[in-house]
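Right, one structure below, let's go through it.
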2 protein chains.
Amino acid sequence: MGLPDEQPRPAGTTWLRLYPRIGLHGRLVHQLGGRIGRGELAPGEALPPIDELLAVFGVSRTSIREAMRVLAAKGLIELRQRTGGRIRPMADWNLLDPDVLAWIDPFRLEPGLMAELAEVRLAIEPQAARGAALRATPADLEAIQVQFSTMEATALEGDLAAFYAADLAFHAGIFDASHNRFLTQLGRALMPALDRAFDLHRHHVLRREDPTHLRWRICPMHGAILEAIRRQDPAGAEQAMRLVIENAINELAYFEERGPNPWNDDRPAAPLPLSAGRPTCTRL
Amino acid sequence: MGLPDEQPRPAGTTWLRLYPRIGLHGRLVHQLGGRIGRGELAPGEALPPIDELLAVFGVSRTSIREAMRVLAAKGLIELRQRTGGRIRPMADWNLLDPDVLAWIDPFRLEPGLMAELAEVRLAIEPQAARGAALRATPADLEAIQVQFSTMEATALEGDLAAFYAADLAFHAGIFDASHNRFLTQLGRALMPALDRAFDLHRHHVLRREDPTHLRWRICPMHGAILEAIRRQDPAGAEQAMRLVIENAINELAYFEERGPNPWNDDRPAAPLPLSAGRPTCTRL
DNA sequence: CAGGTTAATAGATATGACTTTTTCCTGCCG
DNA sequence: CGGCAGGAAAAAGTCATATCTATTAACCTG
């Protein structure tokens with residue numbers, strides 16, 4: 001059958017609330033969602049009829065239908081009687097659904113999406129920092145502090161993976177500390193995309209070969225946010241966050257000018273084949 | 001059976017992309033989603049076992065399961081084998097899913113949500129206005145202009161329903177004109193909640209009995225946004241939008257001080273009974 | 001009483017029959 | 001010749017039932 005084994009959620013991603021990958025239909029959801037998000041199934045295209053999918057994946061109607069319902073619930077496809085499934089234009093997708101955002105490979109397919117993401121970050125995160133300065137509890141502060149300390153330590157050690165993980169958690173912590181449910185949701189939804197942006201940043205930092213950059217430029221800027229939140233200074237926190245994001249945008253823009261798309265180096269060029277060995281259907 | 005008839009989408013809500021209310025499972029989704037959103041089924045509570053739901057609604061397993069999958073996809077419930085369905089805490093809901101936001105009755109149950117919404121608007125909408133000033137097409141401008149003209153006309157006539165509909169479409173048009181897919185999505189997601197906020201505003205305007213307010217205060221402020229976008233002035237558009245939202249917040253805060261929760265006047269107090277007449281299950 | 005084994009339960013999946021909606025074709029009428 | 005109406009077919013929607021599987025809880029042994 002054409003379905004991968006069940007995989008546990010990757011470590012260190014507790015802030016993510018992805019649709020469970022368990023059961024046949026759950027794996028199917030992520031399989032098809034990923035295909036759509038990567039553009040292997042183009043918007044406007046019709047999905048194969050159920051009987052065909054049924055044969056390709058080797059699962060029952062029930063599972064196929066449940067998976068389709070989930071994808072429809074997230075706006076990726078449209079289901080109509082007689083016509084069958086059809087992939088909706090990206091504008092109709094629930095882009096703020098963590099699953100959908102995780103399925104999209106924004107930088108490989110659509111460089112413009114990253115600029116749009118930056119714009120949203122610039123709108124949202126300073127406001128979240130402001131909220132955190134107003135309403136953070138001691139526990140919130142402690143959580144953010146821990147991530148900041150981790151950032152400082154790992155930046156010195158050169159453990160980039162740990163550094164960016166802590167960076168991500170730092171930003172997530174501020175969203176949580178804002179105690180605004182919409183902002184928290186929004187932060188969570190954006191995390192997968194932010195993760196990709198950080199990957200890109202890391203890639204460029206590696207090329208640049210300047211290990212002091214993270215420790216002596218990025219860390220102090222984040223420290224300023226933490227301090228402003230600690231002294232309950234909304235304007236200061238907002239401004240400090242704005243600086244961090246503008247810096248990230250500038251660095252990426254600076255990096256982008258040089259060299260081709262870095263994704264092509266370390267990622268498989270061709271998508272993996274979906275079905276293990278049943279040439280029943282050529283479309284999927 | 002306990003399901004309402006199929007209902008077409010209300011007029012004038014083309015910007016909304018709600019889960020279709022068609023078919024048995026679609027109606028079931030909105031039925032259960034509404035119950036959860038209104039708090040009639042509390043977080044942490046277990047859903048009745050499938051066989052019970054099956055008996056209550058008089059539909060088959062298939063439809064029940066598909067509806068449950070959709071709700072799970074939107075983060076409202078968690079499904080586990082043997083244990084069954086359980087309502088997740090609101091923090092886990094996909095609050096930025098238009099359906100979820102439409103199901104929540106934010107102001108009846110949680111006045112705080114409205115303040116949080118205002119904070120998000122204050123972060124998002126000025127940025128959207130800035131984007132619109134940078135990237136609006138003539139067609140975008142035309143669409144916004146039409147809504148603005150409608151606002152001016154209906155404000156004079158005193159047709160409040162039409163006025164607020166145009167106001168909503170005005171804001172939606174700016175989101176669209178920003179040509180930022182995340183902002184557009186975000187705008188769409190917030191529209192149902194914004195609609196409620198406008199309802200509240202209208203209610204207060206009616207009490208205030210000052211028909212000139214809309215025409216000579218609200219409209220000019222919106223006109224300033226339109227003009228700034230037209231002359232491609234990002235800073236001006238951002239500032240004008242900020243003024244509109246801050247004004248709305250202030251007016252609502254001003255209104256809130258007086259009188260009790262206005263929702264209690266014109267809404268049915270008790271929720272409608274779900275099942276037509278089968279006393280099989282007392283929990284639903 | 002602890003720990004592991006087993007049996008029962010309820011959801012998950014499979015399957016095939018039946019229903020409903022939509023599309024498309026055909027033929028009639030203007 | 002074009003358009004509309006009616007009917008046939010196709011594919012999704014729904015249903016009923018059966019089997020599979022994971023989880024819980026009872027139970028049994030040491």
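The basis for the numbers below is simple: all heavy atoms, side chains too, and nothing from hydrogens, waters or symmetry mates. Numbered from 1 within each chain, the chains take letters A, B, ... in sequence-line order.
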For [X] and [N], give me the distance from atom [atom1] to atom [atom2], rounded to whole Å.
{"X": "B:Glu78", "N": "C:dG11", "atom1": "CD", "atom2": "P", "answer": "14 Å"}
{"X": "B:Phe57", "N": "D:dT14", "atom1": "CZ", "atom2": "C1'", "answer": "17 Å"}
{"X": "B:Met68", "N": "C:dA10", "atom1": "CE", "atom2": "C1'", "answer": "11 Å"}
{"X": "A:Leu53", "N": "D:dA12", "atom1": "CG", "atom2": "C1'", "answer": "12 Å"}
{"X": "A:Arg61", "N": "D:dA18", "atom1": "CZ", "atom2": "P", "answer": "19 Å"}
{"X": "B:Asp51", "N": "C:dG11", "atom1": "CG", "atom2": "P", "answer": "6 Å"}
{"X": "A:Leu79", "N": "D:dA11", "atom1": "CG", "atom2": "P", "answer": "16 Å"}
{"X": "B:Glu66", "N": "D:dT14", "atom1": "CD", "atom2": "P", "answer": "6 Å"}

Grab the N/O contacts between the protein and nucleotides 5-9 of chain D below 3.5 Å, and write none if there aren't any.
none

D:dT23, C:dA14, D:dC15: which one has an atom nearest the side-chain heavy atoms of A:Val59?
C:dA14
Among D:dA12, D:dT24, D:dC15, which is the nearest nucleotide to the side chain of B:Leu24?
D:dC15
Check whether any side-chain nitrogen or oxygen of A:Ser60 sits under 4.0 Å from OP1 or OP2 of C:dA14, and answer yes or no.
yes
Is the shortest side-chain N/O distance from A:Thr62 to OP1 or OP2 of C:dT13 below 4.0 Å?
no
Do we see a donor-acceptor contact under 3.5 Å between the side chains of A:Glu66 and A:Thr62?
no
May I ask you to say what B:Ser63 touches in the nucleic acid, namely base, sugar-phosphate or nothing, with a heavy-atom cut-off under 4.0 Å?
sugar-phosphate
May I ask you to say whether A:Glu40 pairs ionically with A:Arg35, meaning some side-chain N is under 4.0 Å from a carboxylate O?
yes
Salt-bridge contact B:Arg135-B:Asp140 (side-chain N to carboxylate O under 4.0 Å)
no
Evaluate the ring planes of B:His30 and B:Tyr19, with Trp represented by its six-membered ring, and classify them as parallel (under 30°), tilted (30 to 60°) or perpendicular (over 60°).
tilted
Looking at the base of D:dT23, is there any donor atom on it, or on the side chain of B:Gln81, that sits under 3.5 Å from an acceptor on the other one?
no
Quick one, A:Glu116 and B:Leu183 - any side-chain contact, counting heavy atoms below 4.5 Å?
no
Between B:Arg80 and A:Arg80, which residue's closest nucleotide on DNA chain D lies nearer the 5′ terminus?
A:Arg80
Minimal non-hydrogen separation, B:Ile87 against B:Leu41, with atom names:
CD1-CB, 3.2 Å
Which atom names give the shortest non-hydrogen contact between B:Ile124 and B:Leu186, and what distance separates them?
CD1-CD2, 3.0 Å
